[in-house]
Amino acid sequence: MLELKDIYGGYGKITILNGTSFKIPRASITTVIGPNGAGKSTVFKAIFGLLNIHSGQILLEGTDVTGRTPKQMIDAGVTYVPQGRNVVPQLSVYHNLELGGITARDQRKLRDRIEQVMDQFPMLREFRNRKAVELSGGQQKQLEVARALLLDPKLMLVDEPSIGLSPNLVKDVFRTLQDLRDQGVTILMVEQNAKSALAVSDYGLVLELGQARMHDEAAKLLADPRVGHLFLGGHIDEEETA
Amino acid sequence: MTRKSILFTLVALIALILVPLGQGNYIIYVLTSWLVFSIAAMGLNLTLGYAGQISLAQAAFMGIGAYIAALITLAGYHWVLGWLAAMGGTFVIGLLLGYPALRVQHHFLAFVTLAFNTLVFLVLRNEDWLTGGSHGLVGMPRPNFFGLSTGTNLEFYYFTLVLFVISGAIFYWIVNSPWGRAFKALRENPVRAESLGVDTRRITLLAFAIGSAFGGGAGAIMSPLVQFIEPGSFAFIHSLKILLMVVVGGAGFFFGPILGAAVVILLPEFLRFTEGYYLMIYASLVIVLMIYSPSGLIGAGQKLYARLRPGRETRKDMEKGAQL
Amino acid sequence: MSEFFQLIVSGLSTGSIYALAAVGFTLLWQASQTINFAQGEFVMLPAFLVLALSVKLGFPLWLAMPLAIILAVLILGVLFKRLVVEPMIKHGTLPLVIATIALGVLLKEMVKEFYSPLGQPFPSLFPQDVVTIFGAVISIPDIANFVIAMGAIVALQLFLGGTRTGRSMQATAQNPDVAQILGVDIKRMVLYTFMINGALAAIASILITPIYLAKFSNGETLGLIAFIAAIVGGFNQIRGALVGGLLIGIIDNLSATYVSAEYRQALPLILLIVIILIRPQGLLGTSEGRTV
Amino acid sequence: QVKIADVAELSGAGAAAGAVWHDGVKLAVEEVNAAGGILGEQIELAEYDSQTDPQISRAMVQKAIDEGTYVLLGTVYSSSTVVNMLVAQQNGMPQITGSESPTITAKGNPYIFRTAFGAQKGLPKLASYLKDGLGAEKIAVVWANTEFGRGGYDAFMGLVDDFGFEIVADVPTEQAQVDFASDVAKVKSSGADAVFVYLTEEESARFLIEANKQSLDLPMGGDTVLISQKVIDLAGDAANGAFGHVGLTAEAPVPAIKEMAAKFQEEFGYGADHNAIKGYIGVYMIKYVTEQIGEFDREKFAETLRGLCLDAETHPGILMDTCWDETGEMSRESFLVEVVDGAQQITQTLPAN
Amino acid sequence: MSDSVLSVRNISKSFGGIHAVRDVSFDVEKGEVLGLIGPNGSGKSTLFNCVLGQLRPDRGEVQINGHRVGNMRASRLNKLGVGRTFQQLSVFPQMSVLDNIILAGQEHHGNMATRLFGPSDAGLTKEADQLIAFFRLEHLRDEMAGSLSYGQQKLVDAAMAFMAGPSLVLLDEPAGGVNLTMLGNLRERLETYNREHGTTFVVIEHNMEFVMSLCTRIIVLAEGAIIAEGTPDEIRSNQQVIDAYLGG
Ligand SMILES: Nc1ncnc2c1ncn2[C@@H]1O[C@H](COP(=O)(O)OP(=O)(O)OP(=O)(O)O)[C@@H](O)[C@H]1O
Ligand SMILES: Nc1ncnc2c1ncn2[C@@H]1O[C@H](COP(=O)(O)OP(=O)(O)OP(=O)(O)O)[C@@H](O)[C@H]1O
Ligand SMILES: [Mg+2]
Ligand SMILES: [Mg+2]
């Protein structure tokens, strides 16, 4: 479904990704874990066309999408939920959702979809006419996740959805992602909440120093002592991974 | 200061001492007004570049300073008195102008300061009894210091240079003290700064007051330099000119406004040979500069420097390995 | 009384044109956080385009005016956006402000150098007939100015608030990063706003120049007034800019007459400072919401 | 070769006046050079743009002097001239200015000379016409609140008592003001018999247009600018009926002026006005005075020009008989003009005073 | 008034029709680590902002160390020893990490005059470096804070709250986005401070492991009101809390 081949890239002259390569299959959930500053978010930006890529290739279903703009990525069926807060502050909740579907061809269908996601996150319906900026941190995050669901994407890039969400909502979100996976959507997600994230994932990917270090089935990673080690301190040495 | 920057400062200083030698009166005059505007631009750089408070009234403060100094020297007192009064007066008025900044920001603040500038202009023009109205004030004497005269243009240049160096040193000191850090914090994130104990109110007011005092000081030098002041020289449009200096040079950098003032004042002189087109060329250059380097000349310099260095760079933590 | 009424009427007429300029100003702010200090020059230029087309190239007036509007949309909209705003939009307000100041100088100088440094008469679209109501003389151009300006602004308001394109434009204005991530073609949205601004400026120009005469330096006053009107209205609201424009037109007339002609510029400013300090978001503006 | 500097308002608010003045200077320089120059030396004309900014004009004068000029021409705007004349004076540089503000010759500067007389000389002529010709008593005064307008305003107000006028409306206006609605409304409701208008070109035209729009039916008189060709061009029909006193005009019934105006039109493609004529005269002043003293000597130049009279017959470039007094002020005949059907019409020729 | 560091009395705050906080009262004893949890939008951040002067409550009163803090500015509060973080990242993006952290301490040293005429780092470089080292940010010391990753910024943000040696710290979601190892460090730091300096903490957090292992007492907010209060164990097993917040 998605393949990164030896990506080098970064901010300005600084390279962050140093030969990142991995491959994820269709209709699966892959969770990326790794220390702060490992380059997880940077990988997502690279895929979504927000980063200056020096070399390497990104393949989406076999076609080369390196260097495409975000708009083109959306048209190709990719949506992205970035880290941090990303709502249009002065627009109402409803209009924010509507914007999420701005690229949709069929606007009537979009309206139905909005109703559906509002069922999923009842808070949104309650506050549909409030300005997004007035929502609490977690409410804004819900809005963002909901917005990314609207377009029925093929591939979802989700950067730490759990930040700011209450535990029951995190569970809901994970469940939703699993449902989507079951419907054939491919999901690439970053989570610090590694245990619960890996528990709902098919694959896990450890990213460190801008490189994919370990890539395996989620269950195996969870059981891997080196991953345990990873969460206890120190970093994976070259020999260990080799 | 690093060794490199000390060396640079010394070289620059020597250059400033040597430049006017053998030049005609006009060139010396232009150089002197560059120094004067540099001081005013430094002030704005503090308010705008460091503290992030947009002010479109720097010319008004120059005006207030110039008139205070002019009135005092015309009344027969020594210029130093006029200078101190100009700085003091503009400090206080700047403090008052800072109050709106506590309530409004950005374009609203821009507007309030713009309005203030226009009001100052109107008062200077309409209150003939004090300011001479649109005729202005003429004939301010150039001061003597312990027998040293500043009468000729060259003498006055050195006199201004001394004041420029003093102002520069004070400015450098302020922005490199913890105050400078507080100013920047105010610019970047006032809410957070407040929660960390920075009294943003006081810092905002100070940013205005100090910046204005620099403007007033510059004005006080301007009146014996030009020996004629009239309200039109301190109209709003001149505040834009000073803003141009700060941003073109590089807002928030020590040398920015000095360079910027050089561009705004000296560059038109170099372009003079193009006759009717010089303002067009000048304006186009400014636009191109802003496109190439939004952080001004300093930024452009850094960009060029970076271009000369080798291609890729790995971030420090990416080399060492980020600890978990 | 008739004097008072006269002042109100004249104020509304010029005020409506200030409003056109101010609305454009507000639009650019919304779309790209551009404080366009060249807005006055934007209003000055189209009149000269009309003159160049009709006087220099001999086009009939009915053709020259629409052509000039199209040219204005191209130059002040497309070109300005492509050449100046686009490369800078990422870098915040200040560099753009400076660039627009420089652009204002450039436009002024070009008109002066390539057309004329002297003021030029400008034909009026409307007959100069007057009607007298309650002792106030109202000219046909006054009425026409008011109606056209209102019409343009109402249409714009409907477009922005009522259509998806309009809302995409708003999203672009408020958070371009997010808009981009959602697939809004932000470049196109910004382009639209600049084109609309070009058209508004051209209309304002054609309406106001018969009275103000075409002169390269006209923009200095107009730009300032547009800025002030936009501020009073709140900067983030179209109808705010409308109210701001009208208010400035009237207050200026009244204060020049009843308060002090020497301080005629002062009163509106003082009033506005007070308004701003009492209502920091402007008269009709909405507050920016929670900050923490 | 002899170098002559012209410091003028080539840009900024005063460009309309300064650029025309400069063209007048250029025309005269060409003529003089074609006719063999001054004392056999060709004139090299150097132009300096004051940007209509007094401070810059001062710097430009300084620069012109640094770069060597024989005599200085300019500036037109009084606000600039009052500043830069100090520099010329300090350097002993004769300066021939186009400014008409009364203050300029009142400062005892021995190096300044006018090309047109100050408002204080012209306005009494206008005032007596207002009183005797029109029988006006209640006057509304509309003036530009700038150095230029202030001079005219003060001069006119000084006459009020002598002529027994009552000022019923005193309306100062801003530089580059575009909206004159309130000013006209004020005049209209003041009950004045006549209006005295002392504004620069575009503002005069805007005032006339607005007055026409509000159907203000009062005689409107001014000095030089109000009835200048430029204002007539700009204001169109609205200018009809305006009248005023003119020191110099291309329409003057003086053959030499007509001829000069025709040449000017041919050379630059637009009509000459008083500023063009002033610039033109300025150059010829340099020529005639220098030839009289027989050498290029600034001190002597100034000395000779003070108290000098030049008659137009032997000095055709001066266009009309002209005298300068000890202060640099000048005198010559002038005209009363009315705008009829979009053209200046001389109604009276007034003697020199 | 015994040892109560923070005392909140009947605070209410509403926005338009929304009652974000309804009549909330509680006390925090010196040396306590209090957890504040509750569903999204239950008013936790609003409560913090009311306590710390960023918002003015409609009703009610807050006392810190026995002082009423009604109209007190946040900077005054901070000088009285109250540190905080915001839910949304808030560092100074165009300042280096070191400068960020020094800034957080400098206002607590000397007065305006010494801050102008004294050393440019207010003598805090060493202290700041220690803190930087503790959060393992040495390699980023001179980077602009705005160019750090989310989690790194979060750590800088937290570090700033400690710089002034506060006696009461209010943290709004300190754990969000922070790597688990670092999170362990953060918890350790909190505990050390609490033990050695008797620093009192109030922590809003959705990461239950973090809250439960750190806090001595937990208050649960729902729809603006307190619905439960108790030790971690009590809360974990409180059915109301499970329904409203933890989920099945
Ligand atoms: N805008 C930027 N400019 C320069 N460097 C950056 C920028 N954004 C991130 N970096 C650097 O790139 C590296 C990777 O950052 P990235 O955001 O990808 O990390 P991450 O793995 O997502 O971390 P986290 O878990 O904290 O979100 C970090 O060292 C960070 O400091
Ligand atoms: N400035 C505001 N204007 C309008 N409503 C607001 C404002 N601030 C907060 N609210 C509302 O008040 C309620 C409480 O918000 P608050 O941010 O305190 O929640 P929270 O408990 O911190 O939630 P979270 O865990 O998601 O951060 C929410 O419904 C929010 O929408
Ligand atoms: Mg990240
Ligand atoms: Mg919150």
Side-chain angles (χ1 to χ4, degrees), chain B residues 1-2 46 49-52 102 169-207 209-210 250-254 294-295 299 302 313-324, chain E residues 52-54 73-80 82-86 89-95 99-100 102-110 112 114-122 124 136-143 145-149 152 157 160-161 163-164 166 170 179-182:
Chain B
M1 270 210 219
T2 61
L46 184 84
Y50 284 84
L102 301 178
I170 293 176
F171 180 79
Y172 183 86
W173 184 261
I174 291 177
V175 299
N176 283 291
S177 74
W179 282 24
R181 200 175 288 111
F183 286 140
K184 283 195 221 167
L186 174 67
R187 170 187 77 192
E188 310 254 302
N189 194 340
V191 176
R192 182 66 171 140
E194 179 79 34
S195 83
L196 290 172
V198 178
D199 187 339
T200 51
R201 253 168 110 96
R202 193 184 289 177
I203 286 293
T204 310
L205 294 180
L206 271 177
I210 298 174
F253 296 100
F254 176 74
S295 46
Q302 289 174 342
E313 216 176 280
T314 319
R315 190 160 170 152
K316 268 189 251 135
D317 52 324
M318 287 290 145
E319 279 163 6
K320 277 201 305 183
Q323 288 85 348
L324 293 169
Chain E
L52 290 167
Q54 245 87 27
R73 296 174 55 78
S75 55
R76 279 278 300 133
L77 274 172
N78 181 260
K79 296 234 178 69
L80 291 178
V82 185
R84 79 167 294 186
T85 64
F86 291 90
L89 272 185
S90 56
V91 295
F92 303 100
Q94 306 273 14
M95 288 162 65
D99 267 343
N100 266 275
I102 290 181
L103 177 86
Q106 69 175 33
E107 300 296 320
H108 295 260
H109 288 254
M112 284 305 268
T114 59
R115 281 200 287 281
L116 181 59
F117 297 109
S120 101
D121 64 350
L124 291 173
R136 307 258 177 95
L137 295 165
E138 300 99 323
H139 52 292
L140 298 168
R141 176 181 187 259
D142 298 317
E143 299 289 338
S147 72
L148 266 47
S149 81
Q152 291 166 338
D157 205 349
M160 283 197 281
M163 186 60 190
L170 288 80
N179 173 269
L180 291 186
T181 319
M182 267 327 301

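None of the values given here were measured: they were computed from a predicted structure. Because only heavy atoms are used, hydrogens play no part in the values below, and waters and symmetry mates are left out as well, while side chains stay in. In the text below, chain A, chain B and the rest are named by the order of the sequence lines, each starting its count at 1.
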Check each atom of [X] against the heavy atoms of chain B and say whether the ones under 4.5 Å are side chain, backbone, both or neither.
X         : answer
Pro166(E) : neither
Thr85(E)  : both
Leu77(E)  : neither
His108(E) : side chain
Gln106(E) : side chain
Ala104(E) : both
Asp157(E) : both
Met163(E) : neither

Nearest heavy-atom neighbours spanning [X] and [Y]:
X         : Y         : value
Gly118(E) : Trp173(B) : O-CZ2, 4.1 Å
Ala182(B) : Val198(B) : CB-CG1, 4.1 Å
Pro119(E) : Pro178(B) : O-CD, 3.5 Å

Check your understanding: Hey, which of Arg187(B), Arg202(B), Arg192(B), Arg201(B) has the most heavy atom pairs under 4.5 Å with chain E?
Key -> Arg192(B)

Point to revise | Top contributor to chain E contacts, counting heavy-atom pairs under 4.5 Å, from Gly180(B), Ala193(B), Ser195(B) | key: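 Top option by heavy-atom pairs under 4.5 Å: Ser195(B).
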
**Study point:** Worked verdict on Glu143(E) versus Leu148(E) for side-chain contact (heavy atoms from CB on, under 4.5 Å)
**Key:** CA-CA 8 Å; Glu143(E) 299 289 338; Leu148(E) 266 47; 4.0 Å; yes

Is there side-chain contact between [X] and [Y], with at least one heavy-atom pair below 4.5 Å?
X         : Y         : answer
Val175(B) : Phe183(B) : no
Val191(B) : Phe86(E)  : yes
Gln94(E)  : Lys184(B) : no

**Study point:** side-chain contact (heavy atoms from CB on, under 4.5 Å) between Leu170(E) and Val82(E), intermediate numbers included
**Key:** CA-CA 8 Å; Leu170(E) 288 80; Val82(E) 185; 3.8 Å; yes

**Study point:** Top contributor to chain B interface from Leu124(E), Asp121(E), Leu52(E), Ile102(E) [non-hydrogen pairs under 4.5 Å]
**Key:** Ile102(E)

Point to revise | Top contributor to chain B contacts, counting heavy-atom pairs under 4.5 Å, from Lys79(E), Met112(E), Arg76(E) | key: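 The answer is Met112(E).
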
